[in-house]
Amino acid sequence: MNVYYDTIPEFLEWLWQQDLTMSLDYLGTLAFAISGIRLASGMKIDWLGAYLIGVFTAVGGGTIRDLLLGLTPFWMETPAYVILTLLAFLIVVMFSKQLIRINEQVFLFDTIGLGLFTVVGIERTLVLGFPFWVAIIMGTITGAFGGVLRDISLSVIPLIFRKDIYALACVIGGLVYGALMLLGLESTLIQVISVIAVVATRFLAVRYNWKLPILKGDDS
């Protein structure tokens, strides 16, 4: 699908007309891009570098998913994702004084993006006819691997490799999605509840300090 826009209002009007899955995808793109750019802003990176970090965060997981599924990466078929990443950059630049608490802001937008992208990955995989266990894996990759590329680019140990409940939140969201499908709930409700499940899992894990055990080797 090749879509081009002459003005920003035309782009916003087109965005408003998209179905829920696409809307979740665009919101996730914006949230993840803001998280990446906001994190980069605390590391004295120039504007271009910060923008690229936002791009990696926003489209990295979905790109890996599409390549694994044999598809053309989604952002190559429409300029919407580039526009949204640019919008995220402008938001961070213009409202930097309002986004003072870097860690809190990054966590908020990263968690929202995690939930939204997990559901998008599951939906796109199921549409292609893959079994549900593949959809959970693709949902986890879509949600978590943009953050992996962001963290590696910033020389930070990725969250997915630490004790934090991160990728596991995507898996839990996927299991909730599957359970709701078996119950025969309406598609829109399944998507919304699954996003909430991922976000809630991440928030609760941080609130109550839930962590996965560390794999320890034999020091000797």
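Quantities reported herein were computed from a predicted structural model and do not represent experimental measurements.
- Across all non-hydrogen atoms, the minimal contact from S35 to R150 is OG-NH1, 3.5 Å.
- Among residues at least two apart or in separate chains, side-chain hydrogen bond (donor to acceptor under 3.5 Å, both in side chains) pairs with a member in residues 171-186 are E123-Y177, E186-T188.
- To the nearest 0.5 angstrom, I165 atom CD1 is 11.5 Å from C170 atom SG.
- Evaluation of the ring pair (Phe, Tyr, Trp, His ring centres under 6.0 Å) rule for F89 yields W47 as partners, not counting sequence neighbours.
- Note: F56 CZ to I152 CD1 = 11.0 Å, rounded to the nearest 0.5 Å.
- Scored by the side-chain contact (heavy atoms from CB on, under 4.5 Å) test, L30 finds I34, L87, A88, I91 as partners (sequence neighbours excluded).
- Atom CD1 of I190 sits about 8.5 Å away from atom CG of L183, to the nearest 0.5 Å.
- Listed here is the closest heavy atom pair of V198 and G173: CG2-CA, 3.5 Å.
- Listed by chain and residue number, nothing satisfies the salt bridge (Lys or Arg N to Asp or Glu O under 4.0 Å) test with R202 (two or more places apart in sequence, or in another chain).
- Residues I122 and G174 come closest through the heavy atom pair CD1-CA, 3.6 Å.
- Checked against side-chain contact (heavy atoms from CB on, under 4.5 Å), S155 has no partners two or more places apart in sequence or in another chain.
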| message | Run the side chain to side chain contact (heavy atoms under 4.5 Å, CB included) test on V55 and W75 for me, step by step, so that the C-alpha distance in whole Å, both residues' side-chain angles and the decisive distance to 0.1 Å come before the verdict. | response | CA-CA 10 Å; V55 172; W75 56 270; over 6 Å; no

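- The number of heavy atoms from other shown groups lying within 6.0 Å of CD1 (I157) does not exceed 12.
- Sequence neighbours left out, not one pair with a member in residues 39-49 passes salt bridge (Lys or Arg N to Asp or Glu O under 4.0 Å).
- Legend: residues meeting side-chain hydrogen bond (donor to acceptor under 3.5 Å, both in side chains) with T111, ordered by chain and number and at least two apart, are absent.
- One hydrophobic cluster, built from ILVMFWY side chains closer than 4.5 Å, cannot hold both V171 and L182; they sit in different ones.
- With sequence neighbours excluded, the residues forming a side-chain contact (heavy atoms from CB on, under 4.5 Å) with I196 are V192, listed by chain and number.
- One distance of note links CG of L149 with CD1 of I53; it measures 9.5 Å at 0.5 Å rounding.
- In the hydrophobic cluster analysis, where Ile, Leu, Val, Met, Phe, Trp and Tyr join through side-chain heavy atoms closer than 4.5 angstrom, V206 is grouped together with V195.
- The two residues G54 and I37 make their nearest non-hydrogen contact at CA-CG1, 3.7 Å.
- Taking all atoms of both residues into account, the shortest heavy-atom contact from T118 to L114 is OG1-O, 2.6 Å.
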Extract all donor-acceptor atom pairs below 3.5 Å that involve side chains of residues 127-144 and protein atoms in other chains or at least two apart in sequence.
from : atom 1 : to   : atom 2 : distance (Å)
T140 : OG1    : I136 : O      : 2.9
T142 : OG1    : R65  : NH1    : 3.3
T142 : OG1    : M138 : O      : 2.6

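- Outside the 6.0 Å centre-distance limit, the rings of F109 and F32 are not counted as a close aromatic pair.
- Note that the CG atom of D66 and the OG1 atom of T125 stand 8.5 Å from one another [nearest 0.5 Å].
- Under the 4.5 Å side-chain contact rule for hydrophobic residues, L67 and M76 do not share a cluster.
- Residues meeting the ring pair (Phe, Tyr, Trp, His ring centres under 6.0 Å) test with F74, sequence neighbours left out: Y81.
- For the atom pair CG (D25) and CG (L116), the distance works out to 9.0 Å, reported to the nearest 0.5 Å.
- T201 has its side chain out of reach of W210: every pair of non-hydrogen atoms, C-beta onward, lies at least 4.5 Å apart.
- Applying the side-chain contact (heavy atoms from CB on, under 4.5 Å) test to I45 and every residue at least two apart in sequence or in another chain returns A40, M43, L154.
- Minimum interatomic distance between G36 and T57 (heavy atoms only, all atoms of both residues): CA-OG1, 3.6 Å.
- Remark: F203 pairs with F107 by the ring pair (Phe, Tyr, Trp, His ring centres under 6.0 Å) rule, at least two apart or across chains.
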